[in-house]
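In this text, all values refer to a predicted model and were calculated from it rather than measured experimentally.
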Amino acid sequence: MVVVYIKERDGAINEVFRTEVVLNSLTPTWIAKYTITYHFEVVQNLLFKVFDVDTQYHNVEMKMLKLEEQQSLGEACCTLSEIVTKPNRSLALDLIRRGESVSSTHSQHCGKLTVHAEECFSSKSTADIILRCIDLESKDLFSKSDPFLVISKLVESGISIPVCKTEVLKNDHNPTWKPVFLNIQQVGSKDSPLVIECFNFNSNGKHDLIGKVRKSLADLEKLHLGREGENLYLPTLVGHNYENKILNSKLLVDKFSETAQHTFLDYLAGGFELNFMVAIDFTASNGNPRLPDSLHYIDPSGRLNAYQKAIYEVGEVLQFYDADRRYPAWGFGARPIDGPVSHCFNLNGSSNYCEVQGIQGIMMAYTSALFNVSLAGPTLFGHVINRASVVACDSLSTGAKKYFVLLIITDGVITDLQETKDALVKASGLPLSILIVGVGGADFKEMEILDADKGERLESTTGCIASRDIVQFVPFRDVQSGEISMVGALLAELPTQFLTYMRRRDIKPST
């Protein structure tokens, strides 16, 4: 019998499933399946333990078996990402039996366990939805509101993670937005709770909540079939508690249809990879790295600074989707030894190549660079985005099955906003997404503009409009205050950006 456990981030191990008992076999194949929701933005650790169930227990119901009374045949662990990125979604793991004594570090290899994953057909469905609101309240003094919707999924911890945003409609109290496409796997299931929030857009990034509803996809389908609206509500402080004030405004579903489409997991099974790249801000506003109040301070106790945390947490998720784990890594806004200020230099100090090996390689190159460059300025993004675009373009020309993800970590207000917009508009047609983490206490208003899903599509100097939104921005202070999960907020939209690119190019996963 196999027992499956989920290992939580805090180290807790929870049993979630037991297979049936296969009698008298050294090469068993188990039939029972365990269904798990795949979350791209989370590292999902699995532990498998194999037991020999003694003959005297063969008539005992499986759930009632006491595991301490059975003989352990070995255990193995992996992440869900490791399984789903294999071409046939099968992963062979060495079973290991730990030494009996507590002090023993000796472990024995005792056979192999093959784990196979298949995607539920229901998760291949994508819901095509047209949403509209009526009678929205005005949040602007001299004009009507500029509304947009944010659709978020609720995860076990109670945190909501945005998975989809509409465009902003100007001066409209009865808006109808363009269709939104929600993959069922992306939100969990058709019955998973979703929060739909209607905001009034403000250019300073502080958007006013007009009202919200909590509905699943199944609920939205019912609203469409019944042609009924759902009243929005607004959490309002009454005394020391929040109460939901029901509004006259309503959300209506003008269209709800489901179609089966290729999923993100189909592309992974077809050999597509996500290639991680990182660019780090070395401008002087970060403070002297040798002083504890610097954003770049390397704590001797091993406590990570905000830059290290961002690299580690994003890299921890993305590393499974990159076969060779060789990552381009750059710095910007500093003066390398004996040179002028550079707005894109190789983090490893090489003049020839920019790649480092693994997340640990990025960490080491970052620490080394802090002692080999002089912090300078200004904060320019255009150079690193163009450099990442060249890498993505070169890969495209060779027909490689690669999609690139550039993480930019910065503390400052960018001074080349229009050049950055130009670079992003050009990059929007490439297999590339850009994640920006803002560290420190700066005003990140420009970042909200670059994260175009909060406002209007980016426009270049020549009048070209970005073909799709490729930027996701998260201020690190929101993470520290516990408002959001950084990795969740940064990565939740990445599968959608990936699929938008593939579908617009009509690229199919060859399986």
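A salt bridge links R89 to D266: one of the charged nitrogens lies within less than 4.0 Å of a carboxylate oxygen. Of the charged side-chain nitrogens involved, none lies within less than 4.0 Å of a carboxylate oxygen, so that E459 and K421 do not count as a salt-bridged pair. Using a 4.0 Å cut-off between charged nitrogen and carboxylate oxygen, K144 and D172 do not count as a salt-bridge pair. By the 4.0 Å N-to-carboxylate-O rule, E61 lies too far from R18 to be salt-bridged with it. Electrostatic pairing of D506 and R504 does not count as a salt bridge here, judged by no charged N lying under 4.0 Å from a carboxylate O. Using a 4.0 Å cut-off between charged nitrogen and carboxylate oxygen, E493 and K165 count as a salt-bridge pair.
Between the side chains of S192 and S216, no donor-acceptor pair is found at a separation under 3.5 Å. Side-chain polar atoms of Q497 and T500 form no donor-acceptor pair below 3.5 angstrom. A donor atom on one side chain and an acceptor atom on the other are not found under 3.5 Å apart for Y38 and S81.
Among Y501, F498, F40, Y321, the single residue meeting the ring pair (Phe, Tyr, Trp, His ring centres under 6.0 Å) criterion with Y267 is F498. Of the candidates W30, Y5, Y34, Y34 is the only one forming a ring pair (Phe, Tyr, Trp, His ring centres under 6.0 Å) with F17.
With hydrogens and angles disregarded, a donor-acceptor distance shorter than 3.5 Å links the side chain of D469 to the backbone of V471. T410 places no side-chain N or O within 3.5 Å of a backbone atom of V437 that could act as its donor or acceptor partner. Looking only at distances, no side-chain donor or acceptor of E197 sits under 3.5 Å from a matching main-chain atom of I151. Between the N244 side chain and the L234 main chain, no donor and acceptor come within less than 3.5 Å of each other. Put simply, the side chain of H207 never gets that close to the backbone of F201: no donor and acceptor are under 3.5 Å apart. Proximity of a side-chain donor or acceptor of N200 to a complementary backbone N or O of P147 within less than 3.5 Å is not detected.
Nearest approach of H173 to S145, heavy atoms of both residues: NE2-N, 3.3 Å. Here the closest non-hydrogen pair linking T176 and L169 is O-CD1, 3.4 Å. The shortest non-hydrogen separation linking E316 to V43 is O-CG2, 3.7 Å. Closest non-hydrogen pair, L435 versus L490, comes out as CD2-O, 3.4 Å.
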Worked verdict on Y403 versus F272 for ring-ring contact (aromatic ring centres under 6.0 Å, His included) | CA-CA 7 Å; Y403 187 92; F272 280 84; 9.4 Å; no

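Side-chain atoms of L407 and F276, non-hydrogen and from C-beta on, do get closer than 4.5 Å to each other.
Within 6.0 Å of NZ in K190 there are more than 12 heavy atoms belonging to other residues, nucleotides or ligands. Residue-environment remark: CG (N171) exceeds the threshold of 12 foreign heavy atoms within 6.0 Å.
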